[in-house]
Amino acid sequence: MSVIVAEDELELSLKLAKLIEEVSNESIKQHDKFLIGVSGGSLITFLINGLPKITTDFSKWKIFFNDERVVPIDDPDSTFGAYKKDLVGKIPISEDQFVQIKQGLTADAAAKDYIQQMSVYFTGKLPQFDMLLLGMGPDGHTCSLFPGHKLLEENCVWVAPIIDSPKPPLARITITFPVINNARHCIFAMAGEGKAEMIKKVLVDKEDLPVNKVKPSSGSLTWILDKSAAKYLKN
Ligand SMILES: O=C(O)[C@H](O)[C@@H](O)[C@H](O)[C@H](O)COP(=O)(O)O
């Protein structure tokens, strides 16, 4: 695992973008596409700041959601809605390069449908993403995998529904740890003093939290933080 500390959020965005650029170009060379899973939240801002500055063939990208809220696209809680509004148009990527959840389904049906959609791109027993971009909530959750939730033990389905999310909205779908840990590169990106305490619990105290279940079996794990978020980490 590696930890990269940036001076501030802008530098974090640029460092994150460079890592994405590197893996994108390597993946495109290897299998003519870049299969990336993204989270919602503040990650979107980092990507808006950084991705327009990289050089890669965006037309080869297929963007999946590590988790998504089961709401209409025009709902402010829709992660795809946020990417569509804030990222599409800033980089040469079209809406249909995002693998969106099917509208109008229950969380259970949306999760099953998402697995079908993923199966077009992943043929093995477990999907292997080229890269997963992850966030961490104040409770140490990642994706929609929350502390104490039974989904933390899900080791069969690729994508699971959740209808009792402690972070609204209640209904979501999320990739599961077997998929996360099969990725070639996992990156946590976060900024701000508000994350510092939880980062200490995760990286220093090694507390048993969902983010600490991200242990890629053969892939890389990188944390990209700004100085405020990293304040409790020793140099
Ligand atoms: O849709 C979501 O809620 C995200 O996927 C979630 O897992 C997010 O990454 C964390 O909650 C961190 O969010 P912030 O980066 O906004 O703090």
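When a ligand or atom number is given, it counts from 1 through the structure's own listing order.
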Ring pair (Phe, Tyr, Trp, His ring centres under 6.0 Å) assessment of Phe129 paired with Phe122: CA-CA 9 Å; Phe129 283 94; Phe122 300 106; 4.8 Å; yes
Suppose we measure from [atom] to each protein heavy atom; which comes out shortest, and what is that distance?
{"atom": "atom 5 (O) of ligand 1", "answer": "Asp67 OD1, 2.7 Å"}
{"atom": "atom 9 (O) of ligand 1", "answer": "Gly135 CA, 3.4 Å"}
{"atom": "atom 12 (C) of ligand 1", "answer": "Met136 O, 3.4 Å"}
{"atom": "atom 7 (O) of ligand 1", "answer": "Cys143 O, 2.7 Å"}
{"atom": "atom 15 (O) of ligand 1", "answer": "Ser42 OG, 2.5 Å"}
{"atom": "atom 17 (O) of ligand 1", "answer": "Lys195 NZ, 2.5 Å"}

Charged N-O contact under 4.0 Å between [X] and [Y]:
{"X": "Asp108", "Y": "Lys112", "answer": "yes"}
{"X": "Glu193", "Y": "Lys231", "answer": "yes"}
{"X": "Asp8", "Y": "Lys227", "answer": "no"}

Parallel, tilted or perpendicular: rings of Phe98 and Tyr83 (30°, 60°): tilted
Does any part of the side chain of [Y], heavy atoms only, come nearer than 4.5 Å to the side chain of [X], both counted from C-beta?
{"X": "Leu221", "Y": "Phe188", "result": "yes"}
{"X": "Phe80", "Y": "Ile101", "result": "no"}
{"X": "Phe64", "Y": "Val38", "result": "no"}

Options His141, Glu68, Arg69, ranked by nearest heavy atom to atom 6 (C) of ligand 1, top entry: His141
Polar contact flag, side-chain donor to acceptor under 3.5 angstrom, Ser24-Trp61: yes
For ligand 1, which atoms, with element, lie under 4.0 Å from some heavy atom of [X]?
{"X": "Gly40", "answer": "4 (C), 5 (O), 9 (O)"}
{"X": "Gly41", "answer": "16 (O)"}
{"X": "Arg172", "answer": "1 (O), 2 (C), 3 (O)"}

For ligand 1, the portion of Lys167 having any non-hydrogen atom under 4.0 Å away: side chain
Part of Pro138 with heavy atoms under 4.0 Å of ligand 1, whether side chain, backbone, both or neither: neither
Within-cut-off N or O pair, Leu43 and ligand 1, under 3.5 Å: no
